[in-house]
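Note that the numbering runs from 1 along the sequence shown for the chain. The analysis underlying the following values was restricted to heavy atoms, covering all of them including side chains, and did not include hydrogens, waters or symmetry mates.
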Amino acid sequence: SPSINKRDDDYGGSLENRSRIIFEIINGIREECGDSFLLGVRLSPERFGMDLKEIKTVCKQLINTQKIDFLDISLWDSFKYPAGEKNAGNTNAKTLLEHFTEIDFKNVLLTVAGNIRSGEDVRKIINAGVDFVAIGRAAIVNHNFPSLVINNPDFIPTSLPVSKDHLRKEGVSEKFINYLGFFKGFVEE
């Protein structure tokens, strides 16, 4: 993040410097683990001062290294338009998801996370050209979410907020239940 990274050495300033650590880590993992080791990188194009154009640039660079197997893009909400863009009435406006599905991923798989909560959401994401989805909250409230969607493509998960007792029945620990209370509207008060 250009707004958070205040370094003035080889790991701060330009995008090349700020992203340097990612490439060094990937190179180190590949060197130690070899090509058969499954390696992916998760990036988020929004929040914490991130810049969508910069993240797309880093994605393309990661793809071109031919050292990763997948890119996991955390969109927070796969169906929304990028923050700060004026999209009302703009026929050329693209959702966050479209910004990434238009990239040539070559032999790198694309996975997406962000507000994917139902079987219909999974279908929309897969049909948009994503290789696989990462499920967060829907899988917390329904531990067997993938099986439920496979058995019923129209599956709709338990709605939020959920009770602490429901989370316990889903196998969620007390510490994690307390943490989930941080997210407004997730756990019943």
Side-chain angles (χ1 to χ4, degrees), residues 1-35 37-117 121-122 124-140 179 182-184 186:
S1 166
S3 64
I4 294 172
N5 182 335
K6 302 297 183 191
R7 297 177 69 126
D8 60 4
D9 60 7
D10 288 346
Y11 296 94
S14 69
L15 175 60
E16 179 183 359
N17 284 356
R18 286 182 281 114
S19 61
R20 180 182 315 278
I21 190 74
I22 297 169
F23 295 93
E24 287 179 355
I25 291 169
I26 290 167
N27 289 337
I29 292 171
R30 274 292 169 233
E31 188 175 306
E32 290 296 318
C33 299
D35 290 337
F37 184 79
L38 183 65
L39 179 58
V41 174
R42 176 173 249 203
L43 297 173
S44 184
E46 291 193 323
R47 299 188 185 181
F48 310 108
M50 301 310 290
D51 179 84
L52 176 60
K53 285 183 183 177
E54 286 190 347
I55 295 299
K56 288 173 67 174
T57 297
V58 171
C59 284
K60 291 171 189 174
Q61 291 170 341
L62 287 166
I63 292 164
N64 289 333
T65 67
Q66 299 181 6
K67 293 186 178 183
I68 63 168
D69 299 294
F70 67 92
L71 264 169
D72 180 10
I73 307 299
S74 177
L75 299 177
W76 298 90
D77 185 342
S78 301
F79 306 104
K80 77 175 204 69
Y81 291 92
E85 284 191 12
K86 293 178 175 64
N87 298 296
N90 181 354
T91 57
N92 295 322
K94 293 184 272 191
T95 64
L96 272 175
L97 178 63
E98 290 169 322
H99 274 276
F100 290 92
T101 56
E102 73 183 8
I103 294 172
D104 180 3
F105 274 76
K106 300 176 182 169
N107 63 339
V108 174
L109 299 176
L110 169 61
T111 180
V112 169
N115 201 26
I116 303 167
R117 308 237 177 152
D121 291 346
V122 170
K124 285 180 186 176
I125 299 296
I126 297 296
N127 289 339
V130 174
D131 295 298
F132 59 101
V133 297
I135 305 297
R137 294 179 189 188
I140 293 170
Y179 168 75
F182 170 77
F183 298 98
K184 187 177 172 106
F186 196 97

What residue among T65, N64, I63 forms side-chain contact (heavy atoms from CB on, under 4.5 Å) with K67? T65
Could you go step by step and tell me if R30 and Q66 meet the side chain to side chain contact (heavy atoms under 4.5 Å, CB included) rule? CA-CA 11 Å; R30 274 292 169 233; Q66 299 181 6; over 6 Å; no
Would you confirm whether R20, through its side chain, and D10, through its main-chain N or O, come within 3.5 Å as a donor-acceptor pair? yes
Mind checking whether V41 and L43 have side chains closer than 4.5 Å, heavy atoms only? yes
For D9, is the CG atom crowded, meaning more than 12 foreign heavy atoms sit under 6.0 Å from it? yes
Answer whether the closest heavy-atom distance between the side chains of L38 and F70 falls below 4.5 Å. yes
Can you name the nearest heavy-atom pair linking F105 to F100, along with the distance? CE1-O, 3.1 Å
Crowded around E16 CD? As in, over 12 foreign heavy atoms under 6.0 Å? no
Would the distance check show the side chain of S78 and the main-chain N or O of L97 forming a donor-acceptor pair, the cut-off being under 3.5 Å? no
Tell me, yes or no, whether the heavy-atom count around N127 atom CG, taken from other residues, nucleotides or ligands under 6.0 Å, exceeds 12. yes
Please state whether the rings of F183 and Y179 are parallel, tilted or perpendicular, taking 30° and 60° as the class boundaries. perpendicular
Can you find a heavy atom in the side chain of T101 that is under 4.5 Å from one in the side chain of V112? no
Might you point out which heavy atoms bring C59 and I73 nearest each other, and give the distance in Å? SG-CD1, 3.7 Å
CG/L52 to CG/L75 distance, rounded to the nearest 0.5 angstrom? 9.5 Å
Flag the pair P2 / E54 as yes when at least one side-chain heavy-atom distance between them is below 4.5 Å, and no otherwise. yes
In short, S1 meets F48 closest at the heavy-atom pair OG-O, 2.8 Å
Atom CD1 of I22 and atom CD1 of I26: how far apart are they, to the nearest 0.5 Å? 7.0 Å
For T95 versus F79, what's the shortest heavy-atom pair and its separation? CG2-O, 4.0 Å
Drop me the distance from K106's NZ to K60's NZ, to the nearest 0.5 angstrom. 10.5 Å
Can you check whether V108 reaches L62 side chain to side chain, under 4.5 Å on heavy atoms? no
Tell me the closest heavy-atom pair linking I126 and D131, and the distance in Å. CD1-O, 3.9 Å
Counterpart residues, side chain to side chain contact (heavy atoms under 4.5 Å, CB included), relative to N115 (two or more places apart): D77, R117
What is the minimum heavy-atom distance between A138 and I116, and which atoms define it? CB-O, 3.9 Å
Between CG on residue L96 and CD1 on residue I55, distance to nearest 0.5 Å: 11.5 Å
Sub-4.5 Å side-chain heavy-atom contact between E46 and P82: yes
Is S44 reaching over with its side chain to a backbone N or O of S74, donor-acceptor style, under 3.5 angstrom? yes
